[in-house]
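These notes are about the structure you will find just below.
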Protein chains: 2
Amino acid sequence: MLTKKQYELLMFINERLKETGVSPSFDEMKEALNLKSKSGIHRLITALEERGFVKRMAHRARALDIVKLPETMAPSLKKTARPMTSRVPRPSNDDRSVPIAVMGRIAAGTPIEALQDETHHISIPIELMRSGEHFALEVHGDSMIDAGILDGDTAIIQRGDTADNGEIVVALVEGHEATLKRLRRKGEMIALEAANPAYETRIFRSEQIRVQGRLVGLIRKY
Amino acid sequence: MLTKKQYELLMFINERLKETGVSPSFDEMKEALNLKSKSGIHRLITALEERGFVKRMAHRARALDIVKLPETMAPSLKKTARPMTSRVPRPSNDDRSVPIAVMGRIAAGTPIEALQDETHHISIPIELMRSGEHFALEVHGDSMIDAGILDGDTAIIQRGDTADNGEIVVALVEGHEATLKRLRRKGEMIALEAANPAYETRIFRSEQIRVQGRLVGLIRKY
DNA sequence: AAAAAAGTTATCGATTCGTTCTCATTTGTA
DNA sequence: TACAAATGAGAACGAATCGATAACTTTTTT
């Protein structure tokens, strides 16, 4: 996968990154490889980036980051650099993500208890987060299919007891049934709309409904 | 990934956050780095934010938060930092997520160039990853709406040139048009099906189509 | 409401740094 | 051998970094 020079350079960058936390400049890399010109370094970096070993921000000074290291590495060298068994890029600690709890499944008719035990955790991109507390639910059934929410999707919910008209919410009906539906207020009444013609809209008095949170994100795995 | 100065400042912020729980003001940082002006600090902070090491709230006093630290840090230093400026849970260096490049938008008719520039990055849950290289695309248009893929969704693509029958793929048609469609083989012919009755299935000879990758995940932000 | 503190923006100049191009050379391989 | 790919050198260019001043605006405190 890598040529000698590419490998050599990658190792040097890795070392410098480990030791100093600062990536080397092109000139420093040039020195390290005993070159007299940095154009070669530029080509090597481009090659390393193409092959997915390195990440860089164009035109930024010392903005290099190692994404993965070759599998052929001696284990002794590897230990400093977080080994990865497959070709999956090493999860760098570049994570702009946040772990949140998955609280079970939800569908029309899910009993309240199902929302209480955390089954596991999932990391979600920080871009999906709003303020406050979040949790996740696995969507069960096809009642929101016309809103692009499919069976098996993971819904990211911002916990809270308010929601704007037309938002998709997790609502607790009469204290015992949690459901994911679009919420509409009509005076003192609240309508919970499914996004599937096969389900009918249910209408309640305000006090029958408790909003648990609003849908802010969705994650699907194929 | 970082410049000397950026690294130095990040370390100082981390220390202060760890010791006092309050982020330093620009003036304090200026002093710490022996500068006579805080404009430099502002630039450094901006750079750190751009590189994903720090988060801040504009115009808020001492509203800095460390998102991650470079890998060089001894674990002992890493652990105790406990910033408290934001209500968003602190991202952990859990290795539960992986940053991947967003390569632009895709729709029927996206020219090939649109797939070449990285617009930004997004961290995706490691659960969505398969083996090999991945990238992300912003979906444009409603041609896959019946597959639960809406305008504005982010599609996670596993790069590769093969796909099973019925999978949703990024396909390059006649070398110039990238599109996200369901792929079906019928003998020597390949059909690209939209998931929207308003669009018709297009049929090509095998050699007209190049598969770029298959859809393995989806992220939506409401 | 006024004062103080804190963050933002603009500009200048000296450096450092990354990018691009061309041409020559070496290396690997069909 | 011949061809392609990788490498080395050099230079020129433009962009980014950094320190320093100063004049803002927005928050926070008094």
Side-chain angles (χ1 to χ4, degrees), chain A residues 1-13 16-17 20-67 70 72 131, chain B residues 1-13 16-17 20-67 70 83-87 101 116-118 120:
Chain A
M1 194 58 162
L2 292 182
T3 68
K4 265 195 206 92
K5 282 294 168 187
Q6 292 164 2
Y7 181 83
E8 202 180 327
L9 179 57
L10 183 60
M11 288 308 105
F12 173 69
I13 298 172
R16 285 291 287 268
L17 235 30
T20 69
V22 174
S23 24
S25 73
F26 279 45
D27 266 305
E28 290 167 354
M29 294 187 265
K30 172 193 88 187
E31 297 297 331
L33 298 205
N34 281 314
L35 300 185
K36 288 175 184 160
S37 159
K38 45 183 179 172
S39 66
I41 298 295
H42 189 269
R43 262 190 314 228
L44 290 176
I45 296 278
T46 303
L48 284 173
E49 192 179 29
E50 261 177 11
R51 290 166 171 73
F53 287 86
V54 141
K55 194 174 46 171
R56 74 171 148 179
M57 303 177 71
H59 287 287
R60 286 306 150 87
R62 298 169 184 269
L64 275 180
D65 209 356
I66 291 195
V67 176
T72 59
S131 61
Chain B
M1 201 48 165
L2 293 180
T3 296
K4 276 192 208 78
K5 283 293 166 188
Q6 293 164 1
Y7 182 81
E8 207 179 319
L9 178 58
L10 183 61
M11 289 306 107
F12 172 70
I13 297 172
R16 284 293 286 269
L17 233 29
T20 70
V22 177
S23 29
S25 73
F26 279 44
D27 269 304
E28 291 167 351
M29 293 187 264
K30 173 194 87 187
E31 296 299 330
L33 298 206
N34 282 314
L35 300 185
K36 289 177 183 160
S37 153
K38 46 182 180 172
S39 71
I41 298 294
H42 188 269
R43 266 189 315 222
L44 289 175
I45 296 277
T46 303
L48 283 173
E49 192 178 31
E50 192 183 30
R51 289 163 171 73
F53 287 85
V54 141
K55 199 172 38 169
R56 73 171 147 181
M57 302 173 71
H59 284 287
R60 287 307 157 80
R62 300 168 185 272
L64 275 180
D65 208 346
I66 291 192
V67 175
M84 31 184 279
T85 38
S86 110
R87 271 167 294 136
Q116 295 183 336
D117 54 348
E118 302 186 10
H120 58 290

Nucleotide N/O to protein N/O under 3.5 Å, stretch nucleotides 18-23 of chain C:
from, atom 1, to, atom 2, distance (Å)
dG18(C), OP1, Arg62(A), N, 2.9
dG18(C), OP2, Phe26(A), N, 2.6
dG18(C), N7, Lys38(A), NZ, 2.6
dG18(C), O6, Lys38(A), NZ, 3.1
dT19(C), OP1, His59(A), N, 3.3
dT19(C), OP2, His42(A), NE2, 3.3
dT19(C), OP2, Arg56(A), NH1, 3.0
dT19(C), O5', His42(A), NE2, 3.4

Legend entry - Interatomic distance, Lys55(B) atom NZ to Leu64(B) atom CG [nearest 0.5 angstrom]: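 Taking NZ in Lys55(B) and CG in Leu64(B), the distance rounds to 11.0 Å.
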Inset, instruction - Only counting residues at least two apart or in another chain, list the ones meeting side chain to side chain donor-acceptor pair (under 3.5 Å) with Glu28(B). - result: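 Once residues adjacent in sequence are excluded, the partners of Glu28(B) under the side chain to side chain donor-acceptor pair (under 3.5 Å) criterion are Arg16(B), Arg62(B).
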Inset, instruction - List in chain and number order the residues that pass side chain to side chain donor-acceptor pair (under 3.5 Å) with Lys30(B), two or more places apart in sequence or in another chain; answer none if no residue qualifies. - result: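 By the side chain to side chain donor-acceptor pair (under 3.5 Å) rule, Lys30(B) matches Asp27(B).
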What's the shortest heavy-atom distance between [X] and [Y], and which atoms?
X	Y	result
Met1(B)	Phe53(B)	CG-CE1, 3.8 Å
Leu2(B)	Val22(A)	O-CG1, 3.1 Å
Ala63(A)	Ser23(A)	N-OG, 4.1 Å
Leu33(B)	Leu9(B)	CD1-CB, 4.1 Å

Inset, instruction - Please say which of Met11(A), Lys4(A), Lys5(A) ends up in a side chain to side chain contact (heavy atoms under 4.5 Å, CB included) with Tyr7(A). - result: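 So, applying the side chain to side chain contact (heavy atoms under 4.5 Å, CB included) to Tyr7(A) and each of Met11(A), Lys4(A), Lys5(A), only Met11(A) qualifies.
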Inset, instruction - Just call it for Ile41(B): base, sugar-phosphate, or nothing, with non-hydrogen atoms closer than 4.0 Å on any strand. - result: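 Counting heavy atoms under 4.0 Å across all strands, no contact is made by Ile41(B).
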Legend entry - Where protein sits on nucleotides 25-30 of chain C, one letter per nucleotide: B base, S sugar-phosphate only, - none, heavy atoms under 4.0 Å: ------
Inset, instruction - For DNA chain D, note the earliest and the latest nucleotide, 5' to 3', having some atom under 4.0 Å of a heavy atom belonging to chain B. - result: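 The contacted stretch runs from dT17(D) to dT28(D).
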Under 3.5 Å, which donor-acceptor pairs link side chains of residues 35-47 of chain A to any protein atom two or more places apart or in another chain?
from, atom 1, to, atom 2, distance (Å)
Ser37(A), OG, Ser39(A), N, 3.2
Ser37(A), OG, Ser39(A), OG, 3.1
Thr46(A), OG1, His42(A), O, 2.8
Thr46(A), OG1, Arg56(A), NH2, 3.2

Inset, instruction - Check for a donor-acceptor pair, side chain of Thr3(A) on one end and backbone N or O of Gln6(A) on the other, with a separation under 3.5 Å. - result: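 Here the side-chain-to-backbone pair exists.
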Inset, instruction - Using side chain to side chain contact (heavy atoms under 4.5 Å, CB included) as the criterion, list what pairs up with Glu31(A), not counting sequence neighbours. - result: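 Per chain and number, Glu31(A) pairs via side chain to side chain contact (heavy atoms under 4.5 Å, CB included) with no residue.
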Legend entry - Estimated bend of the helix from dA1(C)-dT30(D) to dA30(C)-dT1(D) (axis per five terminal pairs, rounded to 10 degrees):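 The value is 60°.
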